[in-house]
Amino acid sequence: MTERYAVAVVGGGAAGLSAALVLGRARHRTLVVDAGEPRNAPAAHMQGYLSRDGMPPAEFLAAGREEIARYGVELVRDRVVEVEKGEDFAVVLAGGRTVRARRLVIATGLKDELPAVPGVAERFGRDVLHCPFCHGWEVRDQPFGVLASSPASVHQALIVSQWSKDVRFFLHTVAEEELSDQDLRRLAAAGVDVVPGEVAGLVIEDDRLTGVRLAGGTPSAKGTTHARSVLFVAPRPVPQTGLLERLGAELHETPFGAYPVVDPTGLTTVPGVWAAGNAIGFAEQVVHAASGGYRAASAIVGDLLMTDLDAAVQE
């Protein structure tokens, strides 16, 4: 027989585990399905989470899995490949198992699509970074580079100048005339040097970043390699919204991808389906994701209770 749960949580990151913790404590039979692909896996530590600052992401998730287990929440390492909505939700797993759930929490996150510059993917999360709020303190006062992916990258170059006064903004494939006069004035005021020309690759010595090499030259050619020990990039966020789309959830377009329309609790336009974490926006940090999971779960607890009470009253 098909197993039945009150709630199925798709995704076992900060948002999904937080939702599962609240649901388990509220005595709801809950299943977490986790593919084991957290967005912050490349990072050695997570920062800015009060009482957990500096904690390795893997350690954080392991602690969360232990906590939900205390309340009878089940976690399976699998992938949800389909969800069908009927009287409740049929959740189909890649391993062949199908379960039914009265409510869903979609916490599938997003993937970071990195710039196609040799060396960037290999160094990402080490000395190639994307978020100064996550890593800026740890690399403060070092020589920074910022790799432009669009004229909007000016904002990133300005923000990172809070952590270093030695910042070079590599325009890469962005033409200098694409920057506005205000952009150029702000960059100058922040002390950010603008470097035109396409970036060909990174210089790595003794397993650390030592320079950014421009196209048309060699690492030893004078003027084509800029000594840098940190490079900030702007990955293209790819929301993992396939399940939500197939369920018919309304999405809204943003400069960082299409995300579901949700109310303050994370409820999507599909009745019975909540979303949390990077599934609702690219800028959700771990602390935000955990909060979003909590909000979604507490709303579900109330929703299930009122549904059951109304059904009992009508009998």
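All values reported here derive from a predicted model rather than from experimental measurement. These numbers come from the heavy atoms of this one structure, side chains and all, not from hydrogens, waters or symmetry mates.
With contacts defined as side-chain heavy-atom distances shorter than 4.5 Å, the pair L23/Y5 does not qualify. Residues D34 and L61 are not in side-chain contact: their nearest non-hydrogen atoms beyond the backbone lie 4.5 Å or more apart. You'll find the side chain of T268 reaches within 4.5 Å of the side chain of V262, heavy atoms only. Within the 4.5 Å cutoff, the side chain of V105 has no heavy atoms near those of the T30 side chain. In this structure the side chain of Q285 reaches within 4.5 angstrom of the side chain of C131, judged on heavy atoms. With contacts defined as side-chain heavy-atom distances shorter than 4.5 Å, the pair R97/V76 qualifies. Residues L75 and L17 form a side-chain contact, since some pair of their non-hydrogen atoms from C-beta on lies under 4.5 Å apart. Side-chain contact between P56 and H45 is present, with heavy atoms from C-beta onward closer than 4.5 Å.
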Working note: L243 + L104, criterion side chain to side chain contact (heavy atoms under 4.5 Å, CB included); need CA distance, chi angles, decisive distance, verdict. CA-CA 11 Å; L243 292 175; L104 293 179; over 6 Å; no

One pair to check against side chain to side chain contact (heavy atoms under 4.5 Å, CB included): V128 and V233. What are the steps and the verdict? CA-CA 7 Å; V128 174; V233 301; 3.9 Å; yes

For R236 and D112, what are the C-alpha separation, side-chain angles and deciding distance, and is it a salt bridge (Lys or Arg N to Asp or Glu O under 4.0 Å)? CA-CA 6 Å; R236 185 177 78 89; D112 289 307; over 6 Å; no

Please determine whether salt bridge (Lys or Arg N to Asp or Glu O under 4.0 Å) holds for the pair E87 and R100, giving the CA-CA distance in whole Å, both sets of side-chain angles, and the decisive distance to 0.1 Å. CA-CA 10 Å; E87 190 173 330; R100 304 197 76 87; over 6 Å; no

Would I204 and L209 count as a side chain to side chain contact (heavy atoms under 4.5 Å, CB included) here? Give the steps. CA-CA 5 Å; I204 309 299; L209 175 67; 4.0 Å; yes

Working note: Y49 + M55, criterion side chain to side chain contact (heavy atoms under 4.5 Å, CB included); need CA distance, chi angles, decisive distance, verdict. CA-CA 9 Å; Y49 193 137; M55 191 176 192; over 6 Å; no

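Contact record, L267 with W274: N-CD1, 3.2 Å, taken as the closest heavy-atom pair. The heavy-atom pair separating V160 from F144 by the smallest distance is O-CE2, 3.6 Å. Pairing each heavy atom of F170 with each of L231, the nearest pair is CD1-CD1, 4.5 Å. Annotation for T269 and G248: closest pair OG1-O, 4.3 Å, computed over non-hydrogen atoms. Scanning both residues, A275 and P260, for their nearest heavy atoms gives CB-CG, 4.2 Å. Heavy-atom minimum distance, A279 versus A107: CB-CA, 4.4 Å.
The aromatic rings of H252 and Y259 sit tilted, their planes meeting at an angle between 30° and 60°.
Exactly one of H172, H226, E176 qualifies for a side chain to side chain contact (heavy atoms under 4.5 Å, CB included) with V195. That residue is H226. Each of F282, F232, F124 was checked for a ring-ring contact (aromatic ring centres under 6.0 Å, His included) with H130, and the lone residue meeting it is F124.
Not one N or O on the side chain of T241 forms a donor-acceptor pair closer than 3.5 Å with the backbone of L244. Remark: side-chain polar atoms of S153 are not paired, donor with acceptor, to backbone N or O of A148 under 3.5 angstrom. A donor-acceptor pair under 3.5 Å links the side-chain atoms of R123 to the main chain of D207, judged by distance alone. Although no hydrogens or angles enter the test, the distance criterion places a donor-acceptor pair under 3.5 Å between the side chain of E178 and the main chain of A175.
Between the OG1 atom in T307 and the CZ atom in R103 there is a gap of 4.5 Å [rounded to 0.5 Å]. Taking CD of E198 as the start and CG of L214 as the end, the distance is 9.5 Å to the nearest 0.5 Å. Note that the OH atom of Y71 and the NE2 atom of H28 stand 15.5 Å from one another [nearest 0.5 Å]. The distance from atom CD of E284 to atom CG of N278, rounded to the nearest 0.5 Å, is 6.5 Å. Summarising the geometry, atom CD belonging to E245 is positioned 10.5 Å from atom CD belonging to Q240; distances are rounded to the nearest 0.5 Å. Within the model, atoms CD1 of I280 and CG of L251 stand 13.0 Å from one another, a figure rounded to the nearest 0.5 Å.
Neither side chain, S164 nor D166, offers a donor N or O lying under 3.5 Å from an acceptor on the other.
Hydrophobic clustering of Ile, Leu, Val, Met, Phe, Trp and Tyr side chains at less than 4.5 Å, counting indirect connections, unites V167 with F169. Under the 4.5 Å side-chain heavy-atom criterion for ILVMFWY residues, a single connected hydrophobic cluster contains both V273 and V91. Cluster membership check: I159 shares its hydrophobic cluster with L129, using side-chain heavy-atom separations under 4.5 Å among Ile, Leu, Val, Met, Phe, Trp and Tyr. With hydrophobic clusters built from ILVMFWY side chains whose heavy atoms lie under 4.5 angstrom apart, V146 shares a cluster with L184. Under the 4.5 Å side-chain heavy-atom criterion for grouping Ile, Leu, Val, Met, Phe, Trp and Tyr, V22 is not connected to I300 through any hydrophobic cluster.
The local environment of CZ in R65 is crowded, with over 12 non-hydrogen atoms from other residues, nucleotides or ligands closer than 6.0 Å. Under a cut-off of 6.0 angstrom, the local environment of CZ in R52 is sparse, with at most 12 non-hydrogen atoms contributed by other residues, nucleotides or ligands. At most 12 non-hydrogen atoms from other residues, nucleotides or ligands lie less than 6.0 angstrom from CZ of R186. Applying the 6.0 Å contact sphere to OH of Y294 captures no more than 12 heavy atoms from other residues, nucleotides or ligands. Heavy atoms from other residues, nucleotides or ligands lying under 6.0 Å from CZ of R27 number 12 at most. Within 6.0 Å of CZ in R29 there are more than 12 heavy atoms belonging to other residues, nucleotides or ligands.
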